[in-house]
Amino acid sequence: MLDEVDLALVDALQINPRASWTALADVLELAPITLARRWQRLTDAGAAWITVALGNSSAKGATIEFACAPGTELRVAEQLAELPHAITVGVTTGEYQVFALVMAPTLGAISNVLLRTLPVPAEVTKVRSHVFGSTFGGIIWRLGVMNRSQAEQVREAVGPRPREIRPFGAADRALFLALGHDGRRSYASLAAELNTSPQAVKRRLDRLRRHGDIAFRCDVARPLAGWHAMALLWLAVPDTEVQRIGKSLGGWPETRHCAAVASPTNLGLIVGLRSLNHLDDLLIRIAHDHPEAKVVDRKLVLRTTKVHGRILDDEGRSARVVPVDPWAALPT
């Protein structure tokens, strides 16, 4: 388990993933060099990491489920985890034992994956997909260790949305991919790779963040922080209530992914759990807060093989990186 200082450091970086050690020093009451060394130790051990993600409004994709021959589930999940546009992969209970969250920049790219390029291992017997056009939450989540006053000191003012809305272009994609291994890479390091200036990199990142195209996220080996399991829930809600209920569930601290999907169950939800009893509590809370929502299917995630580009070991630590690349789904 991580100690209290490690947890506070991770929580601070979940609030402001690219904050300087100097900015965090007063809040965490440690010297900047001490924070830098602790973070290096955590990343070297695969216990915590920072990466870049598409924002909620930019996130398009599909949750794809695979039914597998007995005993082949983990092998199938490991094969799917190598896809750069499969951002998260896990093994679950139920009839469809493997799921993959596939991201793509356009509906056409999603169609291309589902109809042409998705590799279906020989052990798979059935496949079903649930396409989503945006997400309601879960891209950014927090341990919630810091109190409100500390969190406000750490929080960064991103600034207003830009007046001019620009399409996500080739230079934006290159910057996104350059951040795939380490979301805290310096402006100078990024500029050297992209053949531009640090100031230009900072301006581009600031614009993408203000527009909501991208977000930085700090993740952690969840069992080391007390989050020992996950669950995948499929809900059926009245069409007129999808947005309201989705935004509500997307804001829960347990939520890791929430999206409206085009399928008979029109809301998909992935939640982090501290225990099996925690799942019971969440189901009761859904029934109490949203009685019009019906949980049609619930699955316990037995093993998470990949979380947002990180291949995980049995303890949930980052073993290596397959950088997220939604554009890999585009037709060639």
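Only this structure's heavy atoms are used, side chains among them; waters, hydrogens and symmetry mates stay out.
Contact of the Arg142 side chain with the Pro253 side chain is not registered, since no non-hydrogen atoms from C-beta on lie closer than 4.5 Å. At a threshold of 4.5 Å between non-hydrogen side-chain atoms, the residues Glu152 and Met146 do not count as touching. A 4.5 Å side-chain heavy-atom check between His257 and Thr63 finds at least one atom pair inside the cut-off. A heavy-atom distance below 4.5 Å is found between the side chains of Glu123 and Gln79. Residues Arg256 and Val271 fail the side-chain proximity criterion, which asks for heavy atoms closer than 4.5 Å. Val307 places a side-chain heavy atom less than 4.5 Å from the side chain of Thr304.
Using cut-offs of 30° and 60° on the angle between ring planes, the pair Trp227 and His278 is tilted. Ring geometry for Trp21 against Trp39 counts as tilted: the plane angle lies between 30° and 60°, on a 0 to 90° scale.
Tracing side-chain contacts under 4.5 Å through hydrophobic residues (I, L, V, M, F, W, Y), one never reaches Phe216 starting from Ile139; they form parts of separate clusters. Placement of Leu224 and Val301 in two distinct hydrophobic clusters is found when ILVMFWY residues are connected by side-chain heavy-atom separations under 4.5 Å, directly or transitively. The hydrophobic cluster containing Leu302 does not contain Phe99, counting ILVMFWY residues as joined when their side-chain heavy atoms lie under 4.5 angstrom apart, directly or transitively. With hydrophobic clusters built from ILVMFWY side chains whose heavy atoms lie under 4.5 angstrom apart, Leu42 shares a cluster with Val220. At a threshold of 4.5 Å between side-chain heavy atoms, the hydrophobic network of Ile, Leu, Val, Met, Phe, Trp and Tyr places Phe136 and Leu233 in one connected group.
Summarising the geometry, atom CG belonging to Leu232 is positioned 6.0 Å from atom NZ belonging to Lys299; distances are rounded to the nearest 0.5 Å. Atom CD1 in Ile15 sits 10.5 Å away from atom CD in Gln153 (nearest 0.5 Å). Rounding to the nearest 0.5 Å gives a distance of 10.0 Å between CD1 of Ile245 and CD1 of Ile286.
Side chain of Gln150 to backbone of Asn147: a donor-acceptor contact under 3.5 angstrom is found. Without hydrogens or angle criteria, Thr255 side chain to Leu249 main chain gives a donor-acceptor distance under 3.5 Å. No donor-acceptor pair closer than 3.5 Å links the side chain of Asp297 to the backbone N or O of Trp234. At distances below 3.5 Å, at least one donor-acceptor pair connects side-chain atoms of Gln14 with backbone N or O atoms of Cys218.
A salt bridge is absent between Arg222 and Glu315: the closest approach of a Lys/Arg side-chain nitrogen to an acidic carboxylate oxygen does not fall below 4.0 angstrom. Salt-bridge formation is detected for the pair Asp6/Arg38: a Lys NZ or Arg NE/NH1/NH2 atom is positioned less than 4.0 Å from an Asp or Glu carboxylate oxygen. Ion pairing between Glu78 and Lys306 fails under the 4.0 Å rule for side-chain N and carboxylate O. Between Glu95 and Arg128 no salt bridge is recorded (no basic side-chain N to carboxylate O distance below 4.0 Å). Salt-bridge formation is not detected for the pair Asp206/Arg210: no Lys NZ or Arg NE/NH1/NH2 atom is positioned less than 4.0 Å from an Asp or Glu carboxylate oxygen.
Exactly one residue among Leu80, Val98, Leu114 makes a side-chain contact (heavy atoms from CB on, under 4.5 Å) with Ile64. That residue is Leu114. Of the candidates Leu235, Val296, Asp239, Asn266 forms a side-chain contact (heavy atoms from CB on, under 4.5 Å) with just one, namely Asp239.
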Please test Glu193 against Arg185 for salt bridge (Lys or Arg N to Asp or Glu O under 4.0 Å), starting from the C-alpha separation and ending with a verdict.
CA-CA 11 Å; Glu193 178 177 336; Arg185 282 186 68 180; 2.7 Å; yes

Give the C-alpha distance, both sets of side-chain angles, the deciding distance and a yes or no for side chain to side chain contact (heavy atoms under 4.5 Å, CB included) between Phe66 and Glu73.
CA-CA 9 Å; Phe66 304 82; Glu73 300 90 348; over 6 Å; no

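Heavy atoms from other residues, nucleotides or ligands lying under 6.0 Å from CZ of Arg37 number 12 at most.
Remark: aromatic rings of Trp327 and His85 are distant, center separation not under 6.0 Å.
Annotation: cation-pi geometry not satisfied between Arg184 and Trp49 (NZ/CZ under 6.0 angstrom from ring centroid, within 45° of ring axis).
Using modelled atom types, one finds a donor on one side chain and an acceptor on the other under 3.5 Å when comparing His290 with Ser248.
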